[in-house]
Amino acid sequence: MKEKIIIVGAGISGLSLAIFLKKAGIDCAVYENYPYKRIEGSSFRINKSGVHVMKELGIEEQIKNSSHSADRMRLLTTDNTEIASINLMQDSAFSRRSIYMQRSDLVEILMRHAQSNGVEVHYNKKLTHFSEDASSVTAYFEDGQQEIGSLLVGADGLHSTVRNQMFPNHLLHYAKSWALYGIASFKDIDNTQVQNLMNGDELFYFSENANFLISKSHPTDELNLSWQASGYQERKIPKEEFELRNLDQLKSDLVKRYGEHGALSEIIKKSFNIIPKQIYCVDPIPSWSKGRAVVIGDSAHTINPNTGYGSSVALEDAMYLAKMLQKHHYTDALYYLEADRKDRINAIQNSLEIFDVSKGFDFSNGFDIGLFSGSTIDPNYRIHWEN
């Protein structure tokens, strides 16, 4: 496929797709609704399959210098009783390890790599709708600009304009879960357990209906201690009690939940920023493509952001779509994208329904390692560009 491809969204999947398309010799351009703004505090785990995609993108060294890879996870109760220490069985090769990093660091690495590869990225371009005919698709933007291409890719996230036009009846709904993302500096926290994070630990605190993950997220930056708190909430929390709370109010709420003393309290109190987020999802759409429009990543399938699979799956989608477009007519490429990827997405989503970390765990009656077993997710899943 040689005609220009229009990509909506300059996030992880959109930028990655553009870089792979350039690698395949396919013309493309990226259009993003908002200007880029760095947000300190939003961090995530990227599983081994996603790190492998970064190697194929050619950014492995940059990622290695901007992330952290732990060797052990310590499971604790909120009163600092250690339940278990789990060897994460990390490989010696970086591209076969899972990592933890700030979202902004990854996006900025992708932005620089896209620019160096000649990718056009246009900001402040809000897509309003698109139309298509037998030979092309036209994207219409709020500022009056129109772009014509052979294919339109919606990499525009959970609130996707592309998906909403393709399937207008598939609306967002509350997923009975909340999340808080925070960031702090190791130098500000005098706690032995927290300092052990510098030596390869991650800390995972469990309580009933909530959990709290703490990890190093950068090897050298001053703001290098990242955390995620998430919990189960049957009824959506009112905005004034969550999203509209200021930093001090959010800290106070968390200290009341997790206690006044110990590592958690110290991390919360010393956090530089906290981002509240209520989790939404979209029911599975009938197809990831329709005519000359296709969606990938969060636009196509919702995966709880606290699992470590959302970013990895977005990277996988981008690489596989570019690979199929390099080899096939676009109709076949879109067919293979869904046919070859859907079983993996279903396995991840089904496993997360069984093992929902947002609900936390009550260890008052002991610990059952069976909670962590029985997954149908292939741990060795890889997509290779050349085969």
Side-chain angles (χ1 to χ4, degrees), residues 43-48 67-91 97-101 177-184 186 189 191-217 224-233 254-271 279 303-310 312 348 351-377 379:
S43 56
F44 46 39
R45 185 188 307 284
I46 303 173
N47 288 316
K48 293 183 289 184
S67 64
H68 177 67
S69 182
D71 292 304
R72 182 174 54 248
M73 178 182 286
R74 296 188 182 277
L75 305 180
L76 306 103
T77 61
T78 52
D79 63 359
N80 287 304
T81 300
E82 186 166 318
I83 301 300
S85 177
I86 299 176
N87 186 331
L88 296 175
M89 305 298 288
Q90 296 273 41
D91 197 279
R97 296 174 70 91
S98 64
I99 62 172
Y100 202 86
M101 70 184 301
S177 180
W178 54 265
L180 289 157
Y181 302 87
I183 191 162
F186 278 98
I189 299 169
N191 181 283
T192 302
Q193 281 182 318
V194 172
Q195 293 304 320
N196 283 340
L197 293 168
M198 301 291 285
N199 301 319
D201 283 0
E202 287 181 343
L203 303 181
F204 209 159
Y205 286 85
F206 284 114
S207 63
E208 189 174 7
N209 287 334
N211 65 72
F212 200 108
L213 170 67
I214 311 164
S215 178
K216 187 178 178 181
S217 57
N224 55 359
L225 188 158
S226 294
W227 57 265
Q228 298 178 9
S230 62
Y232 181 81
Q233 182 79 26
L254 282 167
V255 169
K256 287 177 183 176
R257 173 183 284 272
Y258 291 108
E260 290 281 351
H261 306 288
L264 282 182
S265 176
E266 194 170 354
I267 291 168
I268 292 164
K269 291 175 181 177
K270 298 290 179 62
S271 289
I279 308 303
I303 294 176
N304 189 301
N306 299 317
T307 62
Y309 277 99
S312 299
I348 292 170
S351 294
L352 297 177
E353 286 180 11
I354 297 168
F355 180 54
D356 185 354
V357 295
S358 69
K359 294 184 178 180
F361 297 97
D362 179 5
F363 290 113
S364 58
N365 294 316
F367 174 74
D368 180 4
I369 195 67
L371 291 168
F372 298 91
S373 65
S375 172
T376 59
I377 302 169

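Considering every non-hydrogen atom in both A263 and N80, the closest pair reads N-ND2, 4.0 Å. Shortest non-hydrogen contact noted between D71 and N87 is O-OD1, 3.6 Å. Residues A179 and I279 approach most closely at CB-CD1, 4.0 Å, considering heavy atoms. The heavy-atom pair separating N211 from F206 by the smallest distance is CB-CD2, 4.0 Å. Nearest heavy atoms, R74 versus S85: NH1-OG, 3.9 Å. S43 approaches S226 most closely through the heavy-atom pair OG-CB, 3.4 Å.
Between atom CD1 of residue I267 and atom CZ of residue F212 there is a gap of 6.0 Å, rounded to the nearest 0.5 Å. S215 contributes atom OG, which lies 5.0 Å from atom NE2 of H68 (distance to the nearest 0.5 angstrom). Residue T78 holds its OG1 atom at 7.0 Å from CG of L264, rounded to the nearest 0.5 Å. The line from CD of Q228 to CG of L180 is 10.5 Å long, rounded to the nearest 0.5 Å. To the nearest 0.5 Å, atoms CZ (R72) and CG (D201) are separated by 4.0 Å. With values rounded to the nearest 0.5 angstrom, S312 atom OG is found 8.5 Å from F44 atom CZ.
Legend: residues meeting side chain to side chain contact (heavy atoms under 4.5 Å, CB included) with S67, ordered by chain and number and at least two apart, are I63, F94, I99, M101.
Side chain of S177 to backbone of G231: a donor-acceptor contact under 3.5 angstrom is found.
In summary, the aromatic rings of Y205 and Y258 are positioned with their centroids too far apart to meet the 6.0 Å limit.
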Report task. Any chance you could lay out the side chain to side chain contact (heavy atoms under 4.5 Å, CB included) test for I86 and F204, step after step, and finish with the verdict? Result -> CA-CA 11 Å; I86 299 176; F204 209 159; over 6 Å; no
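Using a 4.0 Å cut-off between a side-chain N of Lys or Arg and a carboxylate O of Asp or Glu, D91 and R97 do not qualify as a salt bridge.
Taking the side chain as every heavy atom from C-beta outward, K270 and L225 never approach each other to under 4.5 Å.
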